[in-house]
Amino acid sequence: MFLAVSIVCDDYFLPSLEIISECLGLSQDVAGATFMAAGSSAPELVTAFLGVFVTKGDIGVSTILGSAVYNLLGICAACGLFSSVVSRLSCWPLFRDCLAYTVSVVAVLAMISDNRIYWYESASLLFIYGCYILVLCFDIKVNQYIMKKFSPCCTCFAKAMEENTEQQPLVGWREESGPLICQQSRKDSGIFQDELDYSQLSTSLHGLDEISKDHPSVFTMPEADMKRILWVLSLPIITLLYLTIPDCRRQFWRNWFMVTFLFSAAWISAMTYVLVWMITIAGETLGVPESIMGLTLLAAGTSVPDTVASVLVAQKGNGDMAMSNIVGSNVFDMLCLGIPWFIKTAFINTSGPIEVNSSGLTYTAISLICSVVFIFLAVHLNGWKIDKKLGAICLVLYLVFTVVSILYELGIIGNNPTRVCGN
């Protein structure tokens, strides 16, 4: 299932995102925080609907809150350790997404603190996400205002102002050659741009049509021996995806990019469901406590699409897109809880609120807020770039958080009962 998710992300999901970004004139970080985050977070949205309408429990809340720390520290560690290039980061996108994530965390935790969710509370989550999308729509103007306002007192903003003159193509992950350190541009940020911005963006994307026309078939056998072995082993997966998802990299299916995006997101959700199912069975068989499974393997399992997509774009030097996907996915995960909550409280069960469980809320709140602060400080102290050093730092921080969380759940720290999967 992990191999299947990597194939659908690399061959279908990311190419469709590339064309969507071109059509809307999105910069790397805005594309990563919107379409990429929503598509790779489809499993969490499905889990939230299952928790509200099927199991009628708090599985959606526990899954999203439980995997939030991994999404930040674990995926960032994977991007740094598994990427062969050093990607430069822009200050504003990370600050914007971290601020939005902090607001969303505070909003969700405040709503579930009394174990009840009312319709106006769920509607406020959707309103917050709408405001976030609105900021992204006018991202270039907001970015320029913030840069001018705070550049005299903040060195990272001043440095970003100097780098604004440099421009980078949006489809950098399709380029086979390039500098070791990729510079990011904020010139093409935002949806609403003038004609000059569109002409610059189309110039930077002039090779996209050639790539689509000349792109080889998915059944073309690689030349390297190890890649051939992997290709043969994954041939059933490749065939199944080829028959069910239009390949928008080919000129014939190019205009079907939205169908490719939706179908690939659906396949990602289905594959993640099976992956988490197998992990749960393994944990029950080995007698692993449920809390430890949720904090480690299940958290990583539900975040496989985010991990694969972020690592793939980081390997091509698109650091802003990778980081915006990491933080933007968490924003989407938190605020997408409002969708099933609002549907149930406003249209289905209008007589009363939804009952949720908020046990361990204090520790969860501290963990989520600290993870945001740590990731921002780590990137700042590392010189605003993603490299193996940052990956090692995030990995150590994630291991520390995981160990402390396990000790807390096992009752060694605090006083919590231990439950085993299946009991």
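These numbers come from the heavy atoms of this one structure, side chains and all, not from hydrogens, waters or symmetry mates.
Shown here is Tyr129, whose OH atom has more than 12 heavy atoms of other residues, nucleotides or ligands within 6.0 Å. The environment of CH2 in Trp119 is sparse: at most 12 heavy-atom neighbours from other residues, nucleotides or ligands sit within 6.0 Å. Sparse packing is recorded around CZ of Phe263, with 12 or fewer heavy atoms of other residues, nucleotides or ligands lying under 6.0 Å away.
Of the possible donor and acceptor atoms, none in the side chain of Asp29 sits under 3.5 Å from a partner among the backbone N and O of Asp320. Within the 3.5 Å criterion, the main-chain N or O of Leu81 finds a donor-acceptor partner in the side chain of Lys388. Distance alone, capped at 3.5 Å, is enough to place a donor-acceptor pair between the Ser6 side chain and the Leu3 backbone.
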Quick one: side chains of residues 328-338, donor-acceptor pairs under 3.5 Å with protein atoms, not counting sequence neighbours, listed by atom name and distance.
| unit_1 | atom_1 | unit_2 | atom_2 | d |
| --- | --- | --- | --- | --- |
| Ser329 | OG | Asp306 | OD1 | 2.9 |
| Ser329 | OG | Asn325 | O | 2.5 |
| Ser329 | OG | Asn325 | OD1 | 3.1 |
| Asn330 | OD1 | Asn71 | ND2 | 2.6 |
| Asn330 | ND2 | Ala68 | O | 3.2 |
| Asp333 | OD1 | Ser41 | OG | 3.2 |

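A pairwise comparison of heavy atoms in Pro305 and Ser40 identifies CB-O, 3.5 Å as the closest pair. The minimum heavy-atom distance linking Met36 with Ser310 is given by the pair CE-N, 4.1 Å. Across all their heavy atoms, Cys76 and Leu390 have their closest contact at SG-CD2, 4.0 Å.
In this pair, Tyr120 and Tyr118 present their aromatic rings parallel. The plane angle is below 30°, not in the 30 to 60° band. Between Phe261 and Phe13, the ring-plane angle classifies as parallel under the 30° and 60° cut-offs. Between His380 and Trp384, the angle of the ring planes goes over 60°, which puts this pair in the perpendicular group of the 30/60° scheme.
The residues Arg249 and Asp247 are annotated as salt-bridged, a charged nitrogen and a carboxylate oxygen being separated by less than 4.0 angstrom. A salt bridge is absent between Glu18 and Lys316; no separation between the charged side-chain nitrogens and carboxylate oxygens falls under 4.0 Å.
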